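Taking it in order: structure first as structure tokens, then the write-up.
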Amino acid sequence: KMQKYLLYNAVEPEELSTLRELSTTEICKVWSGVSRHIYRQLLHKRAVEIGVGIFAVLPAHASVAEGKVLPVERPMFILSKPLKLFYHLESDETKIPDEMPVVQLDFEEIAANIHFRHEIVEQCVQETLLCFAGALRDNKEVEFSFR
């Protein structure tokens, strides 16, 4: 599934038919539904794989006063290894603990929550991720904001 985000060529407009049909408001509504879905999974200590990488809450350490270290949990997005290699990206090696379950996005559930057809939600997410991969391919700066 992730292979489709390893782009040798630029993304063609016809590969983005759903995004072209949806309004910006609708696209934002889909991603806000996706965001809430991911948040709920993270609260249940599950990591969520979205094709280009994985969202997870991982144990970390925060430095506090006088060199004291506090164990904390940190939400992270870990780009998939094949994607990093393919686009020559550098980032710290982050491993998800073996005991942490990794789930896929549940498009049916997301769609039901925002009252969209699940095909639309799935296409919208995949086409947005294609755009993301296209930006990586062309060395463009990308900003995704999740609450």
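Note that the coordinates shown come from a computational prediction; the quantities given were computed from them, not determined experimentally.
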Keeping Asp138 on the side-chain end and Lys140 on the backbone end, is there a donor-acceptor pair under 3.5 Å? no
Is it true that Leu85 and Leu89 fall in one hydrophobic cluster, defined by side-chain heavy atoms closer than 4.5 Å? no
Measure the CD-NZ distance between Glu26 and Lys29 for me, rounded to the nearest 0.5 Å. 8.5 Å
Going by side-chain contact (heavy atoms from CB on, under 4.5 Å), Asn113 matches just one of Glu108, His37, Arg40. Which one? Arg40
Under 3.5 Å: donor-acceptor pair, side chain of Thr128, backbone of Cys124: yes
Determine whether Glu49 and Val103 satisfy the following criterion, side-chain contact (heavy atoms from CB on, under 4.5 Å), listing intermediate values before the conclusion. CA-CA 6 Å; Glu49 200 274 321; Val103 297; over 6 Å; no
Interatomic distance, Lys4 atom NZ to Leu6 atom CG [nearest 0.5 angstrom]: 11.0 Å
Can you find a side-chain donor-acceptor pair between Ser63 and Lys68 that sits under 3.5 Å? no
Would you mind reporting whether Lys45 and Glu73 have side-chain heavy atoms less than 4.5 Å apart? yes
How long is the gap from CD on Glu21 to CD on Gln123, to the nearest 0.5 Å? 10.0 Å
Just wondering, do Leu58 and Pro97 contact through their side chains at under 4.5 Å, heavy atoms? yes
Check step by step if side-chain contact (heavy atoms from CB on, under 4.5 Å) holds for Val121 and Leu105. CA-CA 10 Å; Val121 173; Leu105 288 176; over 6 Å; no
Work out which heavy atom in Ala10 is nearest to a heavy atom in Arg137; give both atom names and the distance. N-CZ, 3.4 Å
Which heavy atom of Gly33 sits nearest to which heavy atom of Ile110, and what is that distance? C-CG2, 3.8 Å
In this structure, CD1 of Ile50 is separated from OH of Tyr5 (nearest 0.5 Å) by 8.0 Å
Does atom CZ (Arg20) have a neighbourhood of more than 12 heavy atoms from anything else shown, all under 6.0 Å? yes
Identify the two heavy atoms, one from Ile96 and one from Ala47, that lie closest to each other, and give their separation to 0.1 Å. CD1-CB, 4.3 Å
Run Leu136 and Leu83 through side-chain contact (heavy atoms from CB on, under 4.5 Å) and show every step you take. CA-CA 9 Å; Leu136 289 179; Leu83 229 75; 4.0 Å; yes
Would you give the length of the straight line joining atom OG1 of Thr94 to atom CG of Leu79, rounded to the nearest 0.5 angstrom? 10.5 Å
Does Tyr87 reach the main-chain N or O of Leu7 with its side chain, forming a donor-acceptor pair under 3.5 Å? yes
With the side chain counted from C-beta on, respond yes when Ser80 and Val52 share a heavy-atom pair under 4.5 Å apart, and no when they do not. no
Shortest non-hydrogen contact from Ile114 to Val30? CD1-CA, 3.7 Å
Tell me the side chain to side chain donor-acceptor pair (under 3.5 Å) pairs involving residues 7-18, sequence neighbours left out? Thr18-Glu127
In this structure, OG of Ser91 is separated from CE of Met76 (nearest 0.5 Å) by 8.5 Å
Under a single-linkage definition using a 4.5 Å side-chain heavy-atom cutoff for Ile, Leu, Val, Met, Phe, Trp and Tyr, are Ile78 and Phe132 assigned to the same hydrophobic cluster? no
Phe77 and Met100: same hydrophobic cluster, using ILVMFWY side-chain contacts below 4.5 Å? no
So do the side chains of Trp31 and Val125 get within less than 4.5 Å of each other, counting heavy atoms only? yes
Common cluster, Phe107/Leu19, ILVMFWY with side-chain heavy-atom separation under 4.5 Å: yes
Do Phe86 and Ile54 share a hydrophobic cluster (ILVMFWY, side-chain heavy atoms under 4.5 Å, transitive)? no
Is it true that atom CZ of Arg74 has more than 12 heavy atoms of other residues, nucleotides or ligands lying nearer than 6.0 Å? no
